[in-house]
Amino acid sequence: MPLKIFNVLGREKTDFIPLEEGHVGMYVCGPTVYDHAHLGHAKTYVSFDLVVRYLRYIGYNVLYVQNITDVGHLTETEFGEDKILKKARATQSKPMQLVETYTRSYFEDMDVLKVTRPDISPRASGHIPEQINMIQTLIEKGYAYEVNGSVYFDVTTAPNYGKLSNRRLDEQAEGTREAVRSEKRNPQDFALWKRADPEHILRWDSPWGEGFPGWHIECSAMAKKYLGDTFDIHGGGIDNIFPHNECEIVQSECCNDAEFARYWMLVGSLNVPDPIEGIPVKMSKSLGNFVTVKDALAKYRPEVIRMFVFSAHYSNPVTYSDEVLAAASAGWERLYNAVRLTRQMMADAPNTDDGNSFDARVNQLKADFCAAMDDDFSAPKAIATLQEFTRDVNTLLNSGTTIGLSTLESIEAVYRELGGDVLGIIPESDIATSNNAQREAGLIELLIELRAQARKAKNWAESDRIRDELQKLGIILEDRPDGTIWKVE
RNA sequence: GGCGACGUAGCCAAGUGGUAAGGCAGAGCUCUGCAAAAGCUCCAUUCACCGGUUCGAAUCCGGUCGUCGCCUCCA
């Protein structure tokens, strides 16, 4: 069954057919790095991580490009201020120093969340010449004009402007605050290049004097450079559909005389209940209602945060709450317990094919899982297939019958592939690798042995004491008919 | 005002014409020295509301109400 994607461009779910068979070019709008990433960013980038992982799983060769926006952008309000410059001033640091700090922070967070790194992470500041080139082309073709050292895109020259967000120029409310000192021909014209005021630190030479690029042009320039004029998938958060994505499209298509991205995938925002009425509102830096990825990771495992992100379809908005995270946590725990049990039973399973009729169930899972993912990357459905499978696995493993190694291996393998490689919610292995961890494991095994002796002698006080003390250290013991297993909390 | 998304059990959430997936929480049971884990059973005659189309609608059409996002920087 072919993969289907809901294309925001046209609002239709259609078969995904890449430009070049077997290859996918994908661009996702990355963060502006003037602060630590919050869970809203995590939702977007974990969502696209799943897209990339699944495309690769089903055999596509994916080239994944995600920019880093490290050039501040002047808001066009009267009191508008460049966020990077503002933050740099507040922290008494150089803008590029600040940007480097938060770029590193971003990658650290994404690494912990098991987000696969993009193949290319181009910085806007490193692509000024490419942006200038595009702007020049747009001027030459008559789509853009220069005024006082700034360059604007004339939206009236592009009939398709608004095709992604279904906006028509005449329906827009006339510019509210931006009309104040407009040197633009039309209120809706957007900046490609801005003249730098004397106090503006981030500045580059250009044919129009010293200045800095507009926000939208960087994505157009970097997508063109690394993916070509036309590529397969463009992603981002729904909050950037207008004006950012719309401007990207119009300037790229006018500059290149070619279609820009063929499939648009936009992720729903992460909301937070407002503290007074409990009404969900978007998590954002400017509202101050954000939870940083670092804070969230202090409370929840990365796999649980991914599980939370996957609990709703990527295009839906999701509301953050401790209750929902707790549910994700409990649900994840059940999945992972089954994986752990499978791995532990593999250690001393007979090398037979006992129980291999279960292989049919494993194949059924693969089919169900892929059917869910082929339907516009429906992670909630995909996880449901894993949960149903897990119930059957638990029944098998607790049935008391002998299960051969090959059956256990195929169960473990399917968890590793679908839960690990694709969803990124099943850790590779918890086999201790470091010397310290091996020593710790040996000590725990020794205590379990001592406890087993106490239990045999019905010395419940002693056996419970060992279990309780270990629990205080974060080691959980579970007694099974065939012995005691342990896990770290 | 314009554009877009959405309203399914206590909570989260699948489900786009054929009679309500899954998870969490809750109740009961089984197993167990106890605990934990796991399994079983129960938990929406009903899908915001009102009309309409249809043999049949949560799903299609029209309307009403409500929520969120975007239209200014934002993932």
Side-chain angles (χ1 to χ4, degrees), chain A residues 8 11 13 28-32 34 37-45 47-48 69 72-77 80-83 162 164-168 170-173 175-178 188 215 235-244 246 266-271 279-287 307-308 311-313 315-319 321 323-335 337-338 340-341 372 375 378-388 390-395 397-400 455 458 460 463-464 467-468 471 476-481 485 487:
Chain A
V8 178
R11 321 261 165 187
K13 201 190 280 186
V28 171
C29 289
T32 303
Y34 68 96
H38 62 238
L39 284 176
H41 299 106
K43 179 178 190 292
T44 297
Y45 300 121
S47 296
F48 284 111
T69 297
H73 299 291
L74 204 68
T75 59
E76 304 222 8
T77 67
E81 201 164 12
D82 181 313
K83 290 192 170 166
L164 184 68
S165 58
N166 287 327
R167 270 162 228 258
R168 287 172 42 189
D170 53 352
E171 283 171 348
Q172 295 305 304
T176 47
R177 285 173 285 188
E178 63 196 278
Q188 297 91 349
W215 172 38
I238 185 76
D239 50 350
N240 277 336
I241 189 171
F242 191 91
H244 180 65
E246 205 68 79
L266 300 177
V267 173
S269 300
L270 180 67
N271 296 328
I279 297 166
V281 292
K282 197 179 78 170
M283 180 179 285
S284 73
K285 282 174 190 168
S286 40
L287 290 176
M307 190 89 171
F308 162 67
S311 70
H313 189 257
S315 61
N316 287 354
V318 167
T319 302
S321 70
E323 191 185 3
V324 174
L325 263 293
S329 186
W332 176 79
E333 200 75 39
R334 186 167 145 265
L335 283 184
N337 280 343
R340 254 196 294 229
L341 180 57
D375 184 12
S378 185
K381 267 194 282 183
I383 284 182
T385 69
L386 265 184
Q387 280 163 328
E388 286 172 276
T390 295
R391 189 182 54 230
D392 293 341
V393 169
N394 279 323
T395 299
L397 299 188
N398 292 307
S399 64
R455 290 183 72 209
K458 297 197 191 303
W460 309 128
S463 70
D464 289 352
R467 187 173 60 197
D468 293 347
Q471 181 160 23
I476 310 292
L477 300 191
E478 288 173 22
D479 295 325
R480 295 177 50 79
I485 61 176
K487 64 180 177 184

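Letters go in sequence order (proteins before strands), and every chain restarts at 1.
The side chain of Asn271(A) contributes no N or O atom lying less than 4.0 Å from OP1 or OP2 of C68(B).
Partner assigned to C3(B) is G69(B), using Watson-Crick or G-U wobble distances below 3.5 angstrom. The base-pairing partner of U32(B), taking Watson-Crick or G-U wobble contacts with both distances under 3.5 Å, does not exist among the strands shown. Nucleotide C55(B) forms a pair with G18(B), judged by Watson-Crick or G-U wobble geometry with both contacts under 3.5 Å.
Following rounding to the nearest Å, Lys282(A) (NZ) and A5(B) (P) show an atom-to-atom distance of 17 Å. Between Asn166(A) atom CG and G69(B) atom C1' there is a gap of 15 Å when expressed in whole angstrom units. The CG atom of Leu266(A) sits 12 Å away from the C1' atom of A5(B) (whole-angstrom rounding). Atom CZ in Arg391(A) sits about 18 Å away from atom P in A37(B), given to the nearest Å. Remark: C1' of G4(B) and NE2 of His244(A) are 18 Å apart, rounded to the nearest angstrom. Nucleotide A38(B) holds its C1' atom 9 Å from the CG atom of Asn337(A), rounded to whole Å. Between the CD1 atom of Ile238(A) and the C1' atom of C68(B) there is a distance of 12 Å, given to the nearest Å. Per the geometry, CD belonging to Gln387(A) stands 15 Å off C1' belonging to A38(B), to the nearest Å.
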| note | In 5'-to-3' order, the base (B), backbone-only (S) or no-contact (-) status of each nucleotide in nucleotides 27-36 of chain B, using a 4.0 angstrom heavy-atom cut-off, is ------BBBB
| Base versus backbone protein contacts along nucleotides 6-19 of chain B [heavy-atom cut-off under 4.0 Å; B, S, -] | -----SSSSS----
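Residue Val281(A) is classed as a sugar-phosphate contact, given heavy-atom separations below 4.0 Å to backbone atoms only. Residue Leu341(A) is classed as having no contact, given no heavy-atom separation below 4.0 Å to the nucleic acid. At a threshold of 4.0 angstrom between heavy atoms, the contacts of Ser165(A) are confined to the sugar-phosphate backbone, with no base atom among them. Using a 4.0 Å heavy-atom cutoff across all strands shown, Gly236(A) reaches sugar-phosphate atoms only and no base atom. Counting any heavy atom pair closer than 4.0 Å across all strands shown, Gly30(A) reaches sugar-phosphate atoms only and no base atom.
Here the side chain of Pro31(A) is nearest to one of G39(B), A75(B), A25(B), namely A75(B). Taking only side-chain atoms of Ala384(A), from C-beta outward, the nucleotide of A21(B), A75(B), A25(B) with the closest atom is A21(B). Among C68(B), C71(B), G23(B), the nucleotide with an atom closest to any side-chain atom of Arg334(A) is G23(B).
Between Lys282(A) and Ser269(A), the shortest heavy-atom contact is CD-OG, 3.5 Å. Summarising the geometry of Ser165(A) relative to Phe242(A), their closest heavy-atom pair is OG-CD1, 3.6 Å, with the distance given to 0.1 Å. Pairing each heavy atom of Ala312(A) with each of Pro380(A), the nearest pair is C-CG, 3.4 Å.
Not counting sequence neighbours, His313(A) has no partner by the ring pair (Phe, Tyr, Trp, His ring centres under 6.0 Å) test. Residues satisfying the side-chain contact (heavy atoms from CB on, under 4.5 Å) criterion with Leu266(A), sequence neighbours excluded, are Val8(A), Ile238(A), Ile241(A), Asn245(A), Trp264(A). A search for salt bridge (charged side-chain N to carboxylate O under 4.0 Å, His left out) contacts involving Arg480(A) returns Asp482(A), not counting sequence neighbours.
Under a 3.5 Å cut-off, the side chain of Arg340(A) and the backbone N or O of Leu335(A) do not form any donor-acceptor pair.
No side-chain N or O of Asn394(A) forms a donor-acceptor pair with one of Arg391(A) less than 3.5 Å apart.
When the C1' atom is used for both U8(B) and C47(B), the distance is 4 Å, rounded to whole Å. Using atom C1' as the reference point in both U19(B) and U59(B), the two lie 12 Å apart (nearest Å). Rounded to the nearest Å, the gap between the C1' atom of G15(B) and that of A44(B) is 14 Å.
The shortest distance between side-chain heavy atoms of Ile485(A) and Leu341(A) falls below 4.5 Å. Using a 4.5 Å cut-off on side-chain heavy atoms (C-beta onward), Met307(A) and Glu333(A) make no contact.
Comparing Gly40(A) and Asn394(A), the nucleotide of RNA chain B nearest to each residue sits closer to the 5' end for Asn394(A).
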List the atom pairs, with distances to 0.1 Å, where a side-chain N or O of residues 37-44 of chain A and a protein N or O form a donor-acceptor pair under 3.5 Å, not counting sequence neighbours.
residue  : atom : partner   : partner atom : Å
His41(A) : ND1  : His38(A)  : N            : 3.0
Lys43(A) : NZ   : Gly268(A) : O            : 2.8
Lys43(A) : NZ   : Tyr314(A) : O            : 3.2
Lys43(A) : NZ   : Asn316(A) : O            : 3.1

